[in-house]
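Here is the structure we will look at, set down as structure tokens.
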Amino acid sequence: MTSRRLTHDDITAQLQDLPHWVTTGEALHARHDAPDVPTAIRLIAQVFEVAEEMDHHPDADVRWRRLRWQLSTHDAPGITQLDIELAHRITELAAGAGATPLAARPVVVEIGIDTTDVERILPFWQAALDFQPVTEDGFADALVDPGGLGPRVWFQQTDSPAPGRNRLHVDVTVGVADADQRRQAVEAAGGRLVTAEFAPSWWVYADPDGNEVCISTAAERDNES
């Protein structure tokens, strides 16, 4: 059953009882510092036991003894009462484990690309990044990392190319053994090789609008001056 997406006023009011949680509008965020690494791992396990009971799961990240939580309801999409309830449960479990709340300071990073023809350049970026297209109303206008780590890339339809305006540059680093396959995919999707001067450290490609991406590896980086 899909929960109703909460309004900004709803969320603001309910966060009064969740002082260490913040929102970006699309998700709730919090961070905790556990007493030690084993406690952090146990806390993750306890939270996901609760999540299984609720049939509503958080995005969680653990680095050393620090934990980061992100809650949203994907089929809403946005923040629902399920997220508020899960935030309360996580807060209770964290307190019981002796974990200290930390300032969340969430940042949402996206890359916007201006283009006169989204359908013409999106396949290039899909091949270069190995991301999945996001389709709304039968039209794909964004790409997302299937692993949930990379930034969302979205394409803004413009009326004119506006030469010189867009100075976007993206580096995509892959394993040395995967470089040829990625380059072939980029070329098959309409990519133009700008220079191979720095290969095998990196190759510079351009999409049909001239936006550039470097397909990079760690090869020979230690020998560069």
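The basis for the numbers below is simple: all heavy atoms, side chains too, and nothing from hydrogens, waters or symmetry mates. Note that the structure is predicted; figures quoted are calculated from it, not measured.
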| Is there a side-chain contact between W125 and V170, using heavy atoms and a 4.5 Å cut-off? | yes

| query | Do I90 and V50 touch side chain to side chain, with heavy atoms closer than 4.5 Å? | reply | no

| Closest heavy-atom pair and its distance - H56, S72 | CE1-O, 3.6 Å

| Donor-acceptor pair, side chain of T195 and main chain of E197, under 3.5 angstrom | yes

| request: Please list all pairs passing the salt bridge (charged side-chain N to carboxylate O under 4.0 Å, His left out) test where one or both residues lie in residues 202-211, with sequence neighbours left out. | output: R120-D209

| Cluster question for you: counting only ILVMFWY and a side-chain heavy-atom cut-off of under 4.5 Å, with indirect links fine, are L15 and V22 together? | no

| If you measure only the distance, is there a donor-acceptor pair under 3.5 Å linking the side chains of T91 and W21? | yes

| request: For the pair T158 (side chain) and T115 (backbone), establish whether a donor and an acceptor sit closer than 3.5 Å, ignoring hydrogens and angles. | output: yes

| For L71 against A87, the heavy-atom pair lying closest together | CD1-N, 3.6 Å

| message | Strictly distance-based, threshold 3.5 Å: is any side-chain N or O of Q157 a donor or acceptor partner for the main-chain N or O of T116? | response | yes

| Contact check, side chains of H8 and I11, non-hydrogen atoms, under 4.5 Å | no

| request: Check the pair I79, R5 against side chain to side chain contact (heavy atoms under 4.5 Å, CB included), reporting the backbone distance first and the verdict last. | output: CA-CA 6 Å; I79 299 169; R5 177 174 179 168; 6.0 Å; no

| field | Basic-acidic side-chain contact under 4.0 Å: E49, R89 | value | no

| side chain to side chain contact (heavy atoms under 4.5 Å, CB included) partners of Q70, counting only residues at least two apart | A27, H29, D59, R68

| Hydrophobic cluster identity match, F131 and L149, side-chain contacts under 4.5 Å | no

| For D178, which residues count as a salt bridge (charged side-chain N to carboxylate O under 4.0 Å, His left out) partner, sequence neighbours excluded? | none

| field | Residue that, paired with F155, satisfies side-chain contact (heavy atoms from CB on, under 4.5 Å) out of D114, D117, L143 | value | L143

| Within-4.5 Å side-chain heavy-atom neighbours: V172 and V213 | yes

| message | Would D145 and L129 count as a side chain to side chain contact (heavy atoms under 4.5 Å, CB included) here? Give the steps. | response | CA-CA 8 Å; D145 178 5; L129 300 171; over 6 Å; no

| task | List in chain and number order the residues that pass salt bridge (charged side-chain N to carboxylate O under 4.0 Å, His left out) with R183, two or more places apart in sequence or in another chain; answer none if no residue qualifies. | result | D180

| query | Below 4.5 Å, heavy atoms only, C-beta onward: do H57 and D55 meet side chain to side chain? | reply | yes

| Checking side-chain contact (heavy atoms from CB on, under 4.5 Å) against T23, which of L6, T12, L18, L28 comes through? | L28

| said: Within this structure, what is the CG-CD1 distance for the pair L82 and I84, rounded to the nearest 0.5 Å? | reply: 10.0 Å

| message | Just to verify, what does Q132 make a side-chain hydrogen bond (donor to acceptor under 3.5 Å, both in side chains) with, not counting sequence neighbours? | response | none

| field | Heavy atoms from other residues, nucleotides or ligands near CD of Q181 exceed 12 (cutoff 6.0 Å) | value | no

| Flag side-chain contact, heavy atom, 4.5 Å: F48 against P58 | yes

| request: Could you verify whether a donor N or O on one side chain and an acceptor N or O on the other, from D17 and H88, lie under 3.5 Å apart? | output: no

| Residues clustered with V134, ILVMFWY side-chain links under 4.5 angstrom | V144

Show me the donor-acceptor pairs within less than 3.5 Å that the side chains of residues 186-193 make with the rest of the protein, sequence neighbours left out.
| unit_1 | atom_1 | unit_2 | atom_2 | d |
| --- | --- | --- | --- | --- |
| E187 | OE2 | Y205 | OH | 2.5 |

| request: Only counting residues at least two apart or in another chain, list the ones meeting side chain to side chain contact (heavy atoms under 4.5 Å, CB included) with E110. | output: V108, R152, W154

| note | Taken in chain and number order and not counting sequence neighbours, the residues that satisfy side chain to side chain contact (heavy atoms under 4.5 Å, CB included) with A140 are L122, P133, T135

| Hey, any chance V153 and F139 share a hydrophobic cluster, counting ILVMFWY side chains that come within less than 4.5 Å of each other, even indirectly? | yes

Per-pair distances, 0.1 Å, donor-acceptor, side chain in residues 32-39, under 3.5 Å, sequence neighbours excluded:
| unit_1 | atom_1 | unit_2 | atom_2 | d |
| --- | --- | --- | --- | --- |
| H32 | ND1 | W69 | NE1 | 3.1 |
| D33 | OD1 | R65 | NE | 2.9 |
| D36 | OD1 | T39 | N | 2.8 |
| D36 | OD1 | T39 | OG1 | 2.6 |
| T39 | OG1 | R42 | NH2 | 3.2 |

| note | Rounded to the nearest 0.5 Å, the CZ atom of F198 sits from the SG atom of C214 at a distance of 9.0 Å

| remark: Closest non-hydrogen contact found for T217 with A179 is CG2-CB, 3.7 Å

| task | Identify, with sequence neighbours excluded, every residue that meets salt bridge (charged side-chain N to carboxylate O under 4.0 Å, His left out) alongside D10. | result | R4

| said: Can a side-chain donor-acceptor contact be found between D83 and T73 if the only test is distance below 3.5 angstrom? | reply: yes

| request: Can you see which heavy atom on F124 is nearest to which on A206, and at what distance? | output: CE1-O, 3.6 Å

| query | Is the closest side-chain heavy-atom distance between I44 and L67 below 4.5 Å? | reply | yes

| said: Let me confirm one number: the CD-CD1 distance from Q184 to I215, rounded to the nearest 0.5 Å. | reply: 12.0 Å

| In chain order, what residues pass the salt bridge (charged side-chain N to carboxylate O under 4.0 Å, His left out) check against R31, with sequence neighbours excluded? | none

